[in-house]
Amino acid sequence: MRVLSVVGARPNFMKVAPIHRELQRREDMHSRIVHTGQHYDEKMSDVFFRQLAMPEPDVYLGVGSGSHAEQTARIMCAFENVLLQETPDILIVVGDVNSTLACSLVGVKLGIPVAHVEAGLRSFDRSMPEEINRLVTDCISDVLLVSEQSGIDNLHREGVSPEKIYFVGNTMIDSLVSCIEAARELSTLKDYDLHPGSYVLVTMHRPSNVDDIGKLGTIVESLKRVAANLPVVFPVHPRTAKRLHSTGLYATLASTPRMILTEPLGYLEFLHLMDQAAVVLTDSGGIQEETTYLGVPCLTIRENTERPATTSIGTNRLVPLDARRIVDLVSKADELRQQSAIPPLWDGHASSRIVDILESRRWEKTAEHPSLDQENAQQPSANPWGHSR
Ligand code: UD1
């Protein structure tokens with residue numbers, strides 16, 4: 001069976017790496033990886049391939065940044081050519097980024113069965129681009145691989161046929177489990193002069209938090225107040241860095257005592273900092289899950305979460321964007337460690353369950369390939385990974 005997996009943005013790499021590894025272990029499976037290039041920096045992409053021991057992608061589309069429409073359209077055009085050449089038996093897409101939506105649409109229209117990893121998650125907030133990506137991808141995928149109970153409930157409520165739905169657990173946790181020991185051996189804390197359990201780790205990149213100058217200002221004010229009590233480490237996402245610089249707020253943060261601003265960190269360095277933090281302050285999706293697994297308190301500056309197991313079972317709590325509340329909750333965050341648990345099937349074996357499912361069924365093409373004018377088809381961008389397809 002030939003399986004083609006898509007990665008595009010930073011949170012995809014740790015979800016696909018363990019699936020690819022598991023596919024390679026099985027004799028009858030053949031695994032290839034396409035990288036759309038939605039994220040393209042060394043620090044947003046390449047370092048993850050190295051640290052997760054993933055091979056270079058077999059195909060690199062190099063689409064880069066753009067508006068949602070531009071980025072999605074560029075991925076679709078380039079990926080269609082790839083799929084017509086690769087003709088896999090099944091296509092794997094993960095998560096909720098623009099690459100997930102774009103590639104699942106192309107796959108389905110070419111009649112290739114699509115498996116969606118992390119299916120069924122819902123924030124019920126359609127102003128989030130990721131929510132639209134999740135809804136559309138789930139609606140058109142053939143296999144829905146679910147990471148937590150809410151995903152099953154949501155898909156049932158939406159009337160999805162039960163035989164498409166599989167509760168497999170969380171592949172991001174597979175990567176965490178296999179990397180945490182290596183992460184703990186690093187010198188990351190020493191490098192930043194930090195002590196275990198006595199610093200706050202921050203990530204912030206959601207458009208809803210960082211694109212609006214008023215909200216960004218409140219975040220900066222909150223972090224300044226938090227840093228009055230504990231060192232704050234803040235690896236700054238490129239979207240946030242641009243906004244902080246253009247609004248002059250970067251200088252305010254940089255001049256705050258005990259505030260450590262860094263570029264985006266590698267997977268292992270970030271895991272190490274997360275594992276030893278007193279509390280993590282974030283608006284990310286995946287970090288809510290990773291902190292829950294590690295038992296580290298997490299305050300999520302959002303009005304909703306598509307990962308409710310992290311608040312009902314784990315160490316996560318939603319926090320309004322209000323400086324006083326944030327400082328107060330950071331000081332009480334230790335309470336979140338009590339009575340928290342790891343959600344079912346977050347055990348490091350989700351990828352092996354996924355590959356079992358893929359192996360156990362005969363996947364039929366769902367439509368005829370529509371004819372494509374090959375002469376007019378664009379060729380994918382040059383491959384900076386240095387080898388041809
Ligand atoms: C994307 C995902 C989001 C995910 C996040 C993790 C969508 C809709 N959003 O958001 O779900 O949580 O990735 O990082 O797919 N940039 C760089 N270098 C890079 C990548 C991006 O400088 O390697 C810049 C871009 O030029 C752009 C900004 O960062 O201005 C945002 O990048 P983009 O991929 O559009 O969205 P994210 O905010 O990263």
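Whatever order the structure lists them in is the order used to number ligands and atoms, beginning at 1.
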Among non-hydrogen protein atoms, atom 37 (P) of ligand 1 lies closest to H237 CE1, 3.8 Å
So for K242 against ligand 1, with non-hydrogen atoms under 4.0 Å, the contacting part is side chain
request  = Run the salt-bridge test on E131 and R126 with the 4.0 Å N-O cut-off and return the result as yes or no.
outcome  = no
### Message
Is it the case that the side chains of T310 and N316 hold a donor-acceptor pair, with the cut-off being a distance below 3.5 Å and no angle test?
### Response
yes
In this structure, atom 33 (P) of ligand 1 is nearest to the protein heavy atom H39 NE2, 4.0 Å
Quick note on ligand 1: atoms under 4.0 Å from a heavy atom of S65 include exactly 25 (C), 26 (O), 27 (C)
Between R184 and D275, is there a side-chain N and carboxylate O pair less than 4.0 Å apart? yes
The atoms of ligand 1 lying under 4.0 Å from a heavy atom of D41, numbered in the order shown, are 17 (C), 18 (N), 19 (C), 22 (O), 23 (O)
- request: Before signing off on this row, confirm whether R239 and ligand 1 have an N or O atom pair separated by under 3.5 Å.
  value: yes
Ligand 1 atoms nearer than 4.0 angstrom to some heavy atom of H68 are 8 (C)
Inset, instruction - Could you tell me whether R122 and E130 have a side-chain N and a carboxylate O separated by less than 4.0 Å? - result: no
Flag side-chain contact, heavy atom, 4.5 Å: Y199 against Q276: yes
Yes or no: does R206 have any heavy atom under 4.0 Å from an atom of ligand 1?
yes
Atom 2 (C) of ligand 1: closest protein heavy atom, distance to 0.1 Å, is V97 CG1, 3.7 Å
Taking the six-membered ring for Trp, are H39 and H237 parallel (under 30°), tilted (30 to 60°) or perpendicular (over 60°)?
perpendicular
- Task: Using distance alone, with no hydrogens and no angle criterion, decide if R206 and N209 have a side-chain donor and acceptor under 3.5 Å apart.
- Result: no
When distances are taken from atom 8 (C) of ligand 1, the protein heavy atom at minimum range is N98 OD1, 3.3 Å
Note: heavy atom closest to atom 35 (O) of ligand 1, options K43, Q71, E70, belongs to Q71
Min over M128, E130, H205 of heavy-atom distance to atom 11 (O) of ligand 1 lands on E130
At under 4.0 Å between heavy atoms, what of M44 touches ligand 1? The answer is side chain
for atom 16 (N) of ligand 1, nearest protein heavy atom and its distance come out as Y40 OH, 3.5 Å
Can P11 be said to touch ligand 1, with heavy atoms closer than 4.0 Å? yes
If you compare E42, R10, Q38 by their heavy atoms, the one closest to atom 7 (C) of ligand 1 turns out to be Q38
- R25 with E22: basic N within carboxylate O range, under 4.0 Å: yes
Pairing of D211 and K242 as salt bridge, 4.0 angstrom limit: no
How are the rings of H35 and Y60 set to each other: parallel, tilted or perpendicular (split at 30° and 60°)? perpendicular
Let's go through D138 and H116 carefully: what are the C-alpha distance in whole Å and the side-chain angles of both, what is the deciding distance for side-chain hydrogen bond (donor to acceptor under 3.5 Å, both in side chains) to 0.1 Å, and is it a yes or a no? CA-CA 7 Å; D138 284 342; H116 183 208; 2.6 Å; yes
Quick note on ligand 1: atoms under 4.0 Å from a heavy atom of P238 include exactly 16 (N), 17 (C), 18 (N), 22 (O), 24 (C), 29 (O)
